[in-house]
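Worksheet for the structure shown next.
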Amino acid sequence: MSTEQKQKILIVDDSELNRAILADMLDDEYEIIEAENGLQGVGLLQQRGSEISLVLLDIVMPEMDGFGVLQVMGENHWIEDVPVIMISAESGSSHIERAYELGVTDFISRPFDALIVHRRVVNTIMLYAKQKRLANMVADQIYENEQRSSLLIDILSHIVEFRNGESGLHVLNVRTLTELMLNHLMQKTDRYQLSPSDISTICTASALHDIGKISIDEKILNKPGRFTEEEFAIMKTHSLAGAEMLENLPIHQDDPLVKVAYHICRWHHERWDGRGYPDGLRGDEIPISAQIVALADVYDALTSKRCYKDSFSHEKAVEMILAGQCGAFNPLLIECLEELAPEIPTQMNNSNSVAQRDRREMRNVAQEMRRHEELTASERTLQLLEHERIKYSFFADMSKEIQFEYTVSPPMITLSPWGADHLGLEEIIMDPLHQPEAKAVIDPFDLKSFTDVLRSTSPDLPVVTYDCKLNYKGKWRWTQIVARAIWSNDEPPRYTGAIGKAVDIHDSRMKLNALERMASHDALTGLLNHAYAKKRILERIEARPAASYALVIFDLDHFKAANDTYGHSFGDQVLVHLAEKLRQCIRGGDIAARAGGDEFLIFLEYKDEVETVISRIFQSLGGQFEQFPLSISMGVALTERVTGGYDVLFHAADAALYTVKRGGRGHYRFYDDSMRETLSVISPIEDGGDAPEDV
């Protein structure tokens, strides 16, 4: 049997003699991989776990013992796919019992008997192979059933489109925009608690939004001119008709897809102001699934040619929706549409749109299955993973960036080959926080700070940027590290590591940018500092003096308790987390800064409905960070109510904040004349006096 065809066995034992004996017994039939301690074994499992058919594992080893390896394998679910046979001279029942509790399949005692070792290895590998085949058969059946269900939904929705004289892309476009909007909304706010599974269900159910049109006469559906009142009344019945079809299904009433499809069918013509149909729901009485599909439906109707109208351009369609010409929508969704507007045409029109890409990949998989019918689900997955690994390695080398992956358990950094060579390090560094090699490349303070910043993220806000110096083979250079924290799917989620890249910013222009950033930004949170924010605000007011502005000041309630109870490092993590939430809930043109301590400010322009904007921001900043509840007190000053310079505006917002804190905390207030006494105490300016900077 050639080496390429042999199954691989990993032997983890600190005794070179023991490894040699086992290798001699098995290397005729198997390819042997060796590790001399537990940490090294875990590193090989991290890199090559999908290739390994069996682990022979010693108990007593330096660095990490066998029980530690088993614990890591259990935490990462490797033990479910890779069987382990424990090898040891320890014969105590407590050791054997603990090993079985941690998931070992069998136990071999030293000294080794060649016949027993060979038989147990063969039996264990055969047993796991049978289990995998059974699991793969089930996975294949589930995969095929899901694809058939999706296909039936698409066929049904396209039948509706065919009767309605639409292009055939309407369902795909609505699904694509629905997915874009949902994902952006989840990044922007935690107001709607939707899991990835919920998002997938809503996107699938969106295809059924117009199913009720089956009940409408084709003469009305395809009428080229304006509807009469009677015809429009008939047309409006399609939402209830579709809901009733789903409600009267004899089976599957409790299926999440059916429930979500019912919401979308019935209420995708409701409007935020309560003027929609059929039930006149208002605001968030309308399920968020129906709200988003309604917006996606309107956008595609505007940009598509119909029997009664020509298509509008993307820019015109967005302008009409933002101007309220197509009905009233959730202001938060309007913000999402405005922020997504530059990328929507690409997603909708080119071959890489979400829906088209999914279908192309499904076709490719189906064709591959027909060519290789013997392939199982896991084998297909391994081939795809190997393909992705090759692509990753190629692009990592071509990009000339230091790319890395960090895992908490075991503590290990894996560098891209180019990055390792550029820094003069090995590609795998175990326990980097305590290794001299790592400390020679990055200052221990920066390494600890960067680690704390990563731990302070959340699954919703996982991306961080950190500037520091790295040692490039003896030369210390300014470097920007961009990383994404990885969180588990557990409840509550666990921080498990990070992926990222480090970019050298040593050239003069980028170094200047980095130095300017250090002068203008808060070092902990990455937000603007107060002095630079004030400069930006004054420039904004000077450029548009007639506009209406709001200055918002807020701080964390009971923040001192976080420091006193959990320590200042935890308090810093809370502030970093809050800063990330703040970035997500403001608009691109708004100014956000850390004013000092746990106090932050926001400066924004508004036209009307300013309280709606403030309320949304206030609600978005609440929640919880680990065991500490995030409660906010907020004061707001409006330029239309406060006359004077920036300092007066700032102190007015501060007076409103003081009023909130004196009244019980945990809410927001706008500055008004009732707070003039408080303002005079904070900022003693005579009535009618001119401030140095006139707003």
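Hydrogens, waters and symmetry mates are skipped; everything else that's a heavy atom, side chains included, is used.
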Contact check, side chains of [X] and [Y], non-hydrogen atoms, under 4.5 Å:
X      : Y      : result
Val55  : Leu45  : yes
Ile85  : Leu56  : yes
Gln40  : Val12  : no
Leu575 : Arg594 : yes
Val117 : Ile87  : no
Lys581 : Leu630 : yes
Leu621 : Phe600 : no
Leu425 : Leu415 : yes

Can [X] and [Y] be counted as having a side-chain donor-acceptor contact under 3.5 angstrom?
X      : Y      : answer
His577 : Glu626 : no
Tyr472 : Thr479 : yes
Ser569 : Asp572 : no

### Message
Does Leu10 form a side-chain contact (heavy atoms from CB on, under 4.5 Å) with Val82? I'd like the steps, not just the answer.
### Response
CA-CA 10 Å; Leu10 171 63; Val82 183; over 6 Å; no
From [X] atom [atom1] to [Y] atom [atom2], the distance as rounded to the nearest 0.5 Å:
X      : Y      : atom1 : atom2 : value
Leu22  : Ile108 : CG    : CD1   : 7.5 Å
Thr496 : Glu75  : OG1   : CD    : 10.5 Å
Glu63  : Asp65  : CD    : CG    : 11.5 Å
Leu524 : Ser456 : CG    : OG    : 8.0 Å
Leu70  : Leu57  : CG    : CG    : 5.5 Å
Leu447 : Ile481 : CG    : CD1   : 8.5 Å

Under 3.5 Å: donor-acceptor pair, side chain of [X], backbone of [Y]:
X      : Y      : result
Asp198 : Ser195 : yes
Arg19  : Asp13  : yes
Asn183 : Glu179 : yes
Asp443 : Phe445 : yes
Ser488 : Arg494 : yes
Lys6   : Ile32  : no
Ser200 : Ser197 : no
Thr189 : Ser620 : no

Can you give me the closest heavy-atom contact between [X] and [Y], atom names plus distance?
X      : Y      : result
Ile11  : Ala23  : CD1-N, 4.0 Å
Phe570 : Gln627 : CE1-OE1, 3.8 Å
Leu54  : Pro83  : CD1-O, 3.5 Å
Val441 : Trp476 : O-CZ3, 3.4 Å
Asp452 : Gln573 : O-CG, 3.9 Å
Asn37  : Pro62  : CB-O, 3.5 Å

### Neighbour count above 12 (heavy atom, 6.0 Å) for Lys439 NZ
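Enclosed.
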### Query
Does CD belonging to Gln624 count more than 12 external heavy atoms closer than 6.0 Å?
yes
### Message
Please identify which of these residues, Val84, Val72, Thr105, meets the side chain to side chain contact (heavy atoms under 4.5 Å, CB included) condition with Ile79.
### Response
Val84
### Task
Kindly indicate, with the supporting measurements, whether the criterion side-chain contact (heavy atoms from CB on, under 4.5 Å) is fulfilled by Val574 and Tyr566.
CA-CA 11 Å; Val574 172; Tyr566 306 110; over 6 Å; no
### Query
How are the rings of Phe628 and Phe559 set to each other: parallel, tilted or perpendicular (split at 30° and 60°)?
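Answer is perpendicular, since the angle exceeds 60°.
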### Query
In terms of the angle between their ring planes, are Phe450 and Tyr466 parallel, tilted or perpendicular, with boundaries placed at 30° and 60°?
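Tilted, since the angle between the ring planes falls between 30° and 60°.
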### Query
Between Asp446 and Leu470, does a side-chain contact (heavy atoms from CB on, under 4.5 Å) hold up when you go through it step by step?
CA-CA 10 Å; Asp446 280 321; Leu470 293 185; over 6 Å; no
### Task
Dump the intermediate steps for side-chain contact (heavy atoms from CB on, under 4.5 Å) on Glu426 and Glu437, then the final yes or no.
CA-CA 9 Å; Glu426 297 294 326; Glu437 295 89 345; over 6 Å; no
### Task
Check the pair Arg98, Glu101 against salt bridge (charged side-chain N to carboxylate O under 4.0 Å, His left out), reporting the backbone distance first and the verdict last.
CA-CA 5 Å; Arg98 186 181 177 195; Glu101 287 176 351; over 6 Å; no
